[in-house]
Amino acid sequence: MLLSIWNGNKVGDKDRNIANDKKDKEDRSNMAATMVETPPPQLITTIEWSMMDKSKFFPLYTLSSFTVRCALYPLTLVKTQIQVQRKKEAYSGVVDAIRKIYAHEGVSGLYRGFWLSSFQIISGVFYISTYEGVRHELGKYDVSPRMKSFIAGGCASMVGQTIIVPFDVLSQHLMVLGLVKGRAGGSKNPKINPLGLDLDKGLSRAALAREVAVRVYRAHGPWGYYRGYAASLAAYVPNSALWWAFYQAYQDELLRISPVWVSHLFLQCIAGTLGGFTTTFLTNPLDIVRARLQVEGVGSMRQVFKTLWQEEGLVGLYLKGLSARLVQSACFSFSIILGYESIKRVSVSEEFRSHVRW
């Protein structure tokens, strides 16, 4: 009898074990099915305006923008001087320009007009707010990401240029004074010193900036501060629109062809650099005309184009200052996107943080 009970217990235990094993297998099968059927959380490739904490974004963006402009300002100065010079009368290229400016004026010569130009930080805040705001509004309609970036980039540039052109005019007058100091008799050349400034007075930088502002007003009135405004819009609005559109296009393509382990932020920096190269090639003649108009303050866009054509020819018109612009554009694009996209990731709201890929 005891033996039969023992054997019965063994059979019961065996049945229970079989049942438990069967249940475990079913649970594992259901879990596997759930893992296959449930997709991973969708990664966010573009952090939109509504996803960010603005109290973090604006201070960090302002600091990042100032840092980048401070570090790369010498390239902006060199680009402007090369664009304004006649043929290659002063510099043969970027390296030659940096070497000669440093030899004549030291490090301070590479930062001529910096503090006036740094007001671009203010316009930069309005620029990025307009860009993100327009993208946010266009997101309510059936508009492709690239078209959103194109339209928003153009609108942002119009707002930014309206604010910054007066400071741009004054800072570029100060920039090209390096050409005056670097040449014998340069102060009497109306092309590179149209205001007739006397640099032998030994004026401080602040006093020189005031003198430039006063002479621009005397020569052209209040509208003198917006000299070249139409040219700025003609140069920068398409440049900005194309840059953001190409940035979006290159980013999408790089994400499509790159392995998942590659940093998204790194791909964005590469996309920004490629976008900068592309727009620079397309818009370089417009930027030369803008620089000439703002510094010399005479003529119209058509007249400046005609003069450049006579002086430089088609190749000169298109290639003048191109190497300097390419270097500047590559450095600016990479640095700006690195700072901009990093700050967006830091500023993103907690609910989206886990879906953002670095």
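Position 1 is the first residue of the sequence; numbering continues from there. Quick caveat: nothing in here was measured; it's all calculated off a predicted structure.
Contact detail for Ser329 and Phe277: the closest heavy-atom pair is OG-N, 4.0 Å. Between Ser129 and Phe58, the shortest heavy-atom distance links the atoms OG-CE2, 3.2 Å. Closest non-hydrogen pair, Val159 versus Phe126, comes out as CG1-CB, 4.0 Å. Of all heavy-atom pairs spanning His136 and Trp49, the tightest one is CB-CB, 4.3 Å. Summarising the geometry of Tyr73 relative to Leu110, their closest heavy-atom pair is CD2-O, 3.5 Å, with the distance given to 0.1 Å. Minimum interatomic distance between Phe57 and Met52 (heavy atoms only, all atoms of both residues): CD1-SD, 3.8 Å.
Atoms CZ and OG1, from Phe66 and Thr62 in turn, are 11.5 Å apart once rounded to the nearest 0.5 Å. Expressed to the nearest 0.5 Å, how far CG of Leu72 lies from OG of Ser335 amounts to 5.0 Å. Here OG1 of Thr162 is found 3.0 Å from OH of Tyr229. Values are rounded to the nearest 0.5 Å. Note that OG1 of Thr130 is 10.5 Å distant from CE of Met158, once rounded to the nearest 0.5 Å.
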Task: Intermediate values then yes/no, side chain to side chain contact (heavy atoms under 4.5 Å, CB included), Phe332 and Arg69 - done: CA-CA 8 Å; Phe332 262 99; Arg69 293 183 187 283; 4.2 Å; yes

Task: Chi angles and distances behind the side chain to side chain contact (heavy atoms under 4.5 Å, CB included) call for Leu77, Ile101 - done: CA-CA 10 Å; Leu77 180 139; Ile101 293 169; 3.6 Å; yes

- [ ] List the steps and the verdict of side chain to side chain contact (heavy atoms under 4.5 Å, CB included) for Cys70 and Phe114.
- [x] CA-CA 8 Å; Cys70 183; Phe114 171 73; 3.9 Å; yes

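The hydrophobic cluster containing Ile336 does not contain Tyr250, counting ILVMFWY residues as joined when their side-chain heavy atoms lie under 4.5 angstrom apart, directly or transitively. One hydrophobic cluster, built from ILVMFWY side chains closer than 4.5 Å, holds both Val78 and Val107. When hydrophobic clusters are built by joining Ile, Leu, Val, Met, Phe, Trp and Tyr residues whose side-chain heavy atoms come closer than 4.5 Å, directly or via intermediates, Ile47 is not grouped with Val134. Under the 4.5 Å side-chain heavy-atom criterion for ILVMFWY residues, a single connected hydrophobic cluster contains both Leu138 and Leu242. Residues Val346 and Val356 fall within the same hydrophobic cluster, defined by Ile, Leu, Val, Met, Phe, Trp and Tyr side chains chained together at heavy-atom separations under 4.5 Å.
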Just distance, no hydrogens or angles: give the donor-acceptor pairs under 3.5 Å from side chains in residues 265-274, sequence neighbours left out.
unit_1	atom_1	unit_2	atom_2	d
Gln268	OE1	Arg345	NH1	3.1
Gln268	OE1	Arg345	NH2	3.1
Gln268	NE2	Gln251	OE1	3.1
Thr273	OG1	Cys269	O	2.9

Can you give each donor-acceptor pair under 3.5 Å made by side-chain atoms of residues 146-155, sequence neighbours left out, with the distance rounded to 0.1 Å?
unit_1	atom_1	unit_2	atom_2	d
Ser149	OG	Arg135	NH1	3.0
Ser149	OG	Pro145	O	3.1

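Between the Tyr61 side chain and the Gly339 main chain, no donor and acceptor come within less than 3.5 Å of each other. Counting only distance, with no hydrogens or angles, the side chain of Ser157 and the backbone of Tyr236 share a donor-acceptor pair below 3.5 Å. Thr279 places a side-chain N or O within donor-acceptor distance of the main-chain N or O of Gly276, the cut-off being under 3.5 Å.
With a 4.5 Å cut-off on side-chain heavy atoms, Phe246 and Leu282 count as touching. Annotation: side chain of Ser333 is not in contact with side chain of Tyr247 (no heavy-atom distance under 4.5 Å).
A salt bridge does not link Glu132 to Lys54: none of the charged side-chain nitrogens sits closer than 4.0 Å to a carboxylate oxygen.
Among residues two or more places apart in sequence or in another chain, the side-chain contact (heavy atoms from CB on, under 4.5 Å) test is passed with Leu63 by Thr67.
Side-chain atoms of Ser240 and Tyr131 include no donor-acceptor pair closer than 3.5 Å. Judged by distance alone, the side chains of Ser65 and Tyr340 never bring a donor and an acceptor atom under 3.5 Å apart.
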